[in-house]
2 protein chains.
Amino acid sequence: MTKPEGPRYRRYSSETRGAMLVEAGLACLARGGITAFTVDNICREANASRGLITHHFGSKNGLLAAVYATMYDRFTAVVAPEGRPEPDLATLVDANFDPAVFNPDSLRIWLALWGEIANNPELREVHRQRYLDLLATVERAVAAEAEARGRKLDARAVAVLFVALSDGLWLEQGIDKTMLSREAARDACYSFFDSVLGPLDRPAAPQATTPAPV
Amino acid sequence: MTKPEGPRYRRYSSETRGAMLVEAGLACLARGGITAFTVDNICREANASRGLITHHFGSKNGLLAAVYATMYDRFTAVVAPEGRPEPDLATLVDANFDPAVFNPDSLRIWLALWGEIANNPELREVHRQRYLDLLATVERAVAAEAEARGRKLDARAVAVLFVALSDGLWLEQGIDKTMLSREAARDACYSFFDSVLGPLDRPAAPQATTPAPV
DNA sequence: ATTCTTATGATACGACCGTTCAACAGTGGA
DNA sequence: TCCACTGTTGAACGGTCGTATCATAAGAAT
């Protein structure tokens, strides 16, 4: 019995370990919903000991808030990446159904989180901030398109309805993926804007069957 | 110390007590989401002892399935009451936003349940059956309206999109009721069908505060 | 009255929950 | 080489989880 002892564990910066725990939390949510979002599951998933969540996030709920923020940030990174010009409507629609965000794991995570927002003040706080940001981006795109066509409309209201429609399509897909194809969902959004603004240019429809780009 | 002893508890038929437990379960879901759906909470809410859920429903999960079925049945009772003729599209839309189903408690319950469907086979089974029933009703209404106008379209696909849209509006309302009025939600559905079928007669619009966009 | 059925209350059980905390050990700078 | 810093461990805590069990009693049948 020699002692092949290396370090018994690896030390990470607070920020790196935090990211690892967030990632583990996401995995748990995707696998088993909010019920599976437990300290035991998360730390096992992250190969960390049970004290770490409290240490880095103050509480399990703190981690959950961070997880939620991460989901929103990732969505924003696809929809309106920093450094790019403001997205137009077509870009917004396409990003909405980009496989990077419109995929089974993500949809299940959103479902789990939506069910918690109403009951979790900390989560609700995170939501309010991010949702309004997103809404503002959509609203600007709607207003720009409307102005380009000389149409007058309530851009904020249209933005709310678009977000509702696309969340609804996400929801349907998250509950039962056999009901709706990505293309049908995308088309529904374009139709929505068509009826509000008149026909919209639809950029390079991703071909239906082949493995998705991105 | 006299003994004013009446019966120490009241016996109910299995079916009555079952209904009481379902009701209590709904109350717990509305109050605290799936996290609050616990044996302790539910039995306290129903003024019953902790053994009753297992006794009447086999398990807590059995009760949850019954709760989900109840939600669907109540929705169906508003949307397509038995004994009435098949609802047309306008009836369907209006029923969707009837206060009997479009109210804060119901929406929070739906949110909580949606988050569980993906992770709960028993719940998923209940969902599949009821969802397909509902979809068929919508599909018939769409097909009837299309035929009356001599239009050709994929009624099933349109039905899926309508359900997605209205679920999305419910979702938005459930998460933050300040974003969307009932009237705006209703109008959005009518606009959807307008764009698919041409202008639809809108029966007795409940007073619109502001002429809705879209 | 008496019997029978079965809904009910009460408790016990092992498992897991989230949090706390003192001791430990990896790591970078002295 | 040693030290100080701090990320990390792992046990322990009180509480709650869902379920199984059994004696009890309500209420109908006789």
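Order of the sequence lines sets the chain letters (A, B, ...), proteins ahead of strands, with each chain counted from 1.
- Listed candidates were dT16(D), dT8(C), dT19(C). Nearest to the side chain of Lys60(A) is dT19(C).
- Between Phe57(A) atom CZ and dT19(C) atom C1' there is a gap of 16 Å when expressed in whole angstrom units.
- Donor-acceptor pairing under 3.5 Å, judged by distance alone, is present between the side chain of Tyr9(A) and the base of dG7(D).
- Nearest to the side-chain atoms of Arg50(A) among the listed nucleotides dA26(D), dG26(C), dA12(D) stands dA12(D).
- When distances run from any side-chain atom of His55(A) to the nucleotides dT19(D), dT8(D), dC17(C), the shortest one goes to dT8(D).
- Between Phe37(B) atom CZ and dC17(D) atom P the separation is 13 Å, expressed in whole Å.
- Atoms CD (Glu15(B)) and P (dT8(C)) sit 12 Å apart, rounded to a whole Å.
- Here the P atom of nucleotide dT19(D) and the CD1 atom of Ile42(B) are 10 Å apart, to the nearest Å.
- Computed from coordinates, the Ile53(A) CD1 to dT20(C) P distance equals 13 Å when rounded to whole Å.
- Spacing between atom CG of Leu52(B) and atom P of dT6(C) amounts to 16 Å, rounded to whole angstrom units.
- For Thr38(A), a side-chain nitrogen or oxygen approaches OP1 or OP2 of dC17(C) to under 4.0 Å.
- Distances were taken from every side-chain heavy atom of Pro7(A) (C-beta onward) to each of dG26(C), dT19(C), dC17(D); the shortest belongs to dG26(C).
- Taking 4.0 Å as the cut-off between side-chain N and carboxylate O, Asp94(B) and Arg202(B) do not count as a salt-bridged pair.
- Contact check on Asp73(A) versus Arg130(A) returns a salt bridge, with a Lys/Arg side-chain nitrogen under 4.0 Å from an Asp/Glu carboxylate oxygen.
- A salt bridge between Glu23(B) and Arg74(B) is present, with a side-chain N of the basic residue lying under 4.0 Å from a carboxylate O of the acidic one.
- Residue contacts shown for Ser13(A) are absent, as no nucleic acid heavy atom lies under 4.0 Å away.
- A close approach under 4.0 Å does not occur between any side-chain nitrogen or oxygen of Arg11(B) and OP1 or OP2 of dT8(C).
- Between the CZ atom of Arg8(B) and the C1' atom of dG27(D) there is a distance of 15 Å, given to the nearest Å.
- Which of dT9(D), dG26(C), dT19(D) sits closest to the side chain of Ser49(A) comes down to dT9(D).
- With dT8(C), dA26(D), dG18(C) as the candidates, the nucleotide lying closest to the side chain of Arg17(B) is dT8(C).
- The interatomic distance linking Arg10(A) (CZ) with dT9(D) (C1') rounds to 17 Å, in whole Å.
- Looking only at atom types and distance, the side chain of Tyr68(A) has no donor-acceptor partner in the side chain of Glu122(A) under 3.5 Å away.
- Close placement of the Trp110(B) and Tyr72(B) rings is indicated, their centers lying within 6.0 Å of each other.
- For the pair Gly58(B) and His56(A), both in contact range of DNA chain D, the more 5′-proximal nearest nucleotide belongs to His56(A).
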